[in-house]
Amino acid sequence: MTAAQPRSTFLSALHERLGARMVDFAGWRLPLQFSGIVAEHNQVRTAAGLFDVSHMCQFALTGSDRVANAQRLLPIDAAALKPGRNKYTFMCNEQGGVIDDLVIGNDGERLFVVCNAARAERVLAHVTEHLHGACALERLADRALLALQGPQAAALIAKLAPEAEQLFFMDSLCSRIADSEVRICRCGYTGEDGFEISADGSAAVALAEQLIADGAAPAGLGARDLLRIEAGLCLYGNELDEQTNPVAAGLAWSISPRRRREGGFIGDQAVLAMLAEGSRRQLVGLSVQGRLPLRRGAKLDCGNQAAVGEVTSGGWSPVLEKPVAIAFVESAAAKAGTQLAALVRDKSIECEVVSLPHVAHNYKIRPRKPAGN
Amino acid sequence: MSRKFTKEHEWIEPADEAGCFRVGITDYAQSQLGDVVAIDLPEVGRQVEAGGECAVIESVKAASDIYAPIAGTVRVVNDKLADAPELVNQDAEGAGWLFEISGDIGSATDLIDRAEYDQHTA
């Protein structure tokens with residue numbers, strides 16, 4: 001990796017105008033905070049916040065063999081992904097390690113993918129290497145991505161694109177706002193209801209300014225990290241990497257039943273073996289005694305058993321008003337209620353294994369159809 | 001002696017007890033740290049070296065080391081911070097003080113006055 005100048009998003013100038021404290025993140029210059037991390041977090045939990053997530057990599061798979069290509073790359077049933085539907089999934093290497101986690105959607109004539117900024121080059125190279133048949137990869141570098149999150153997000157999006165209010169969680173549509181084409185997906189990374197809006201870069205500043213004028217609080221990476229830890233959501237590089245099996249990281253739920261039976265995706269042998277055998281270690285939540293937050297890398301002991309795990313992400317929960325963490329622990333110590341001790345500097349901090357999320361999700365889930373007809 | 005500052009964003013001034021010095025972080029430092037959620041203060045009686053790690057301030061952003069500006073012994077810590085770490089945000093250069101050290105002010109290196117400190121953070 002070279003120490004290249006961080007890239008600006010289409011919104012960087014707007015952030016600086018709004019008084020953001022900027023940081024370099026995954027090769028991009030992004031806002032860490034505007035009014036303050038806790039204040040922004042509270043806005044998202046109680047009203048609406050607006051994040052610039054344009055650093056994330058957006059790309060499309062097109063051509064008549066796009067579904068077959070997705071089936072090879074991902075453990076979802078891409079053939080069953082209807083237009084307007086999206087799935088959270090992950091991409092594995094041959095050994096079953098996670099190359100990246102991502103969201104893929106069916107836009108009708110194309111599959112639309114959003115993956116992590118820090119993994120963009122690796123993902124694009126991996127997809128390109130495995131492309132087959134009539135399928136092309138198109139990176140959508142001219143597009144911005146805004147995440148409007150919080151209980152008031154639906155009311156705000158309805159002012160600009162009324163049809164988006166009808167979407168359910170993980171549904172998407174293509175529409176126009178102020179004469180510019182947008183793609184809106186009801187999803188996010190905070191545990192709250194919300195929308196990710198992919199817009200042409202030239203229209204992004206006006207769109208962000210409109211949403212802020214309507215009441216969305218600009219929010220930065222600091223708040224985003226607290227929100228996703230509370231929501232128990234994985235961050236690539238913390239909970240996921242190419243040495244981590246997705247089953248251990250608690251992502252088995254995202255593997256489609258058909259792909260569990262049939263395999264056929266890159267890394268399937270290792271992933272299906274771990275599904276059958278169970279994982280030696282598991283990702284869990286930790287509820288922490290006292291006020292000292294646990295940070296990434298803190299070692300965990302269980303009774304007189306040393307080093308049964310390690311904290312992967314930790315921080316302060318403004319909702320629970322105490323520290324919370326996510327950790328990998330050996331399966332024997334992964335049961336909710338297990339008492340652990342974390343070593344922070346020279347102190348032993350008591351904590352208890354809890355199920356994730358720390359703070360309940362607030363998604364607008366599509367009602368299930370009645371069974372049996 | 002009036003209040004002095006370090007380039008690591010601490011302030012130090014004589015405490016009520018003779019030979020004791022009270023230490024805190026500057027208002028500029030707290031504004032950079034953001035919301036403080038916990039403070040890991042040293043144990044009373046601990047020997048510290050000038051420039052040595054002495055406490056840790058945990059903000060929502062990160063853990064930040066606090067250094068002892070002078071060599072000596074920790075005599076008192078600010079007990080109010082255990083339940084109200086936000087005092088550091090609200091009044092860093094007053095009620096949000098951290099600890100007091102008994103020791104030799106001469107052991108400090110590079111103490112600067114307010115004007116010089118303000119220039120340092122400008």
Side-chain angles (χ1 to χ4, degrees), chain A residues 19-23 25 30-45 219-230 238 288-298 311 313-325 342-351, chain B residues 8-9 25-49 51-68 73-74 77-92 95-99 121-122:
Chain A
R21 190 174 297 168
M22 305 292 281
V23 291
F25 178 83
L30 290 164
L32 174 67
Q33 64 175 71
F34 294 86
S35 60
I37 291 174
V38 172
E40 292 161 29
H41 163 284
N42 290 339
Q43 283 287 321
V44 172
R45 286 276 180 250
L221 292 171
R224 191 168 163 81
D225 196 47
L226 296 191
L227 290 157
R228 73 98 192 159
I229 292 173
E230 285 184 335
N238 283 32
V288 184
Q289 288 282 311
R291 292 188 65 100
L292 281 183
L294 304 184
R295 304 291 182 183
R296 175 170 168 71
V311 172
S313 293
W316 181 260
S317 166
V319 169
L320 303 173
E321 295 186 304
K322 62 188 196 118
V324 291
L343 200 62
V344 176
R345 297 177 286 277
D346 55 346
K347 289 189 171 63
S348 176
I349 309 284
E350 285 178 45
C351 48
Chain B
E8 284 73 44
H9 310 286
I25 66 165
T26 64
D27 189 56
Y28 171 84
Q30 73 75 22
S31 75
Q32 293 295 307
L33 291 177
D35 307 281
V36 172
V37 296
I39 299 160
D40 197 356
L41 289 167
E43 277 172 33
V44 171
R46 182 167 142 194
Q47 305 277 325
V48 293
E49 289 172 31
E53 286 171 19
C54 191
V56 178
I57 297 189
E58 296 272 4
S59 74
V60 289
K61 218 177 289 171
S64 307
D65 288 325
I66 304 300
Y67 305 101
T73 306
V74 176
V77 298
N78 187 352
D79 287 331
K80 286 191 178 140
L81 299 178
D83 291 325
E86 62 274 14
L87 280 174
V88 172
N89 290 122
Q90 292 161 0
D91 192 9
W97 63 278
L98 300 177
F99 49 81
T121 56

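In what follows, every chain begins at residue 1, and chains take the letters A, B, ... in the order their sequences are listed.
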**Message:** I need the contact set between residues 54-61 of chain B and chain A: heavy-atom distance under 4.5 Å, sorted by residue number.
**Reply:** B/Val56, B/Glu58, B/Ser59, B/Val60, B/Lys61
**Pairwise distance CD1(B/Ile39) to CZ(A/Arg291) - rounded to 0.5 angstrom** = 9.0 Å
**Request:** Please say whether more than 12 non-hydrogen atoms of neighbouring residues, nucleotides or ligands are located less than 6.0 Å from CD in B/Glu86.
**Result:** yes
**Asked** Side chain, backbone, both or neither: which part of A/Leu292 has a non-hydrogen atom closer than 4.5 Å to chain B?
**Response** both
**Request:** Would you mind checking which part of A/Gln33 comes under 4.5 Å of any heavy atom in chain B, side chain (CB onward), backbone (N, CA, C, O), both or neither?
**Result:** side chain
**Complete:** Taken in chain and number order and not counting sequence neighbours, the residues that satisfy side chain to side chain contact (heavy atoms under 4.5 Å, CB included) with A/Arg228 are A/Tyr189, A/Asp225, A/Leu233, A/Leu235, A/Asn238, A/Glu239, A/Ser313, A/Ile326
**Asked** Would one find more than 12 heavy atoms of other residues, nucleotides or ligands at under 6.0 Å from atom CD of B/Glu49?
**Response** no
**Message:** Give me each pair satisfying side-chain hydrogen bond (donor to acceptor under 3.5 Å, both in side chains) with a member in residues 32-48 of chain B, each pair once, sequence neighbours excluded.
**Reply:** A/Arg345-B/Asp40, A/Lys347-B/Asp40, B/Gln47-B/Thr73
**Request:** Name all residues meeting the side chain to side chain contact (heavy atoms under 4.5 Å, CB included) criterion together with A/Val23; count only those two or more places apart in sequence or in a different chain, and write none if there are none.
**Result:** A/Leu32, A/Leu221
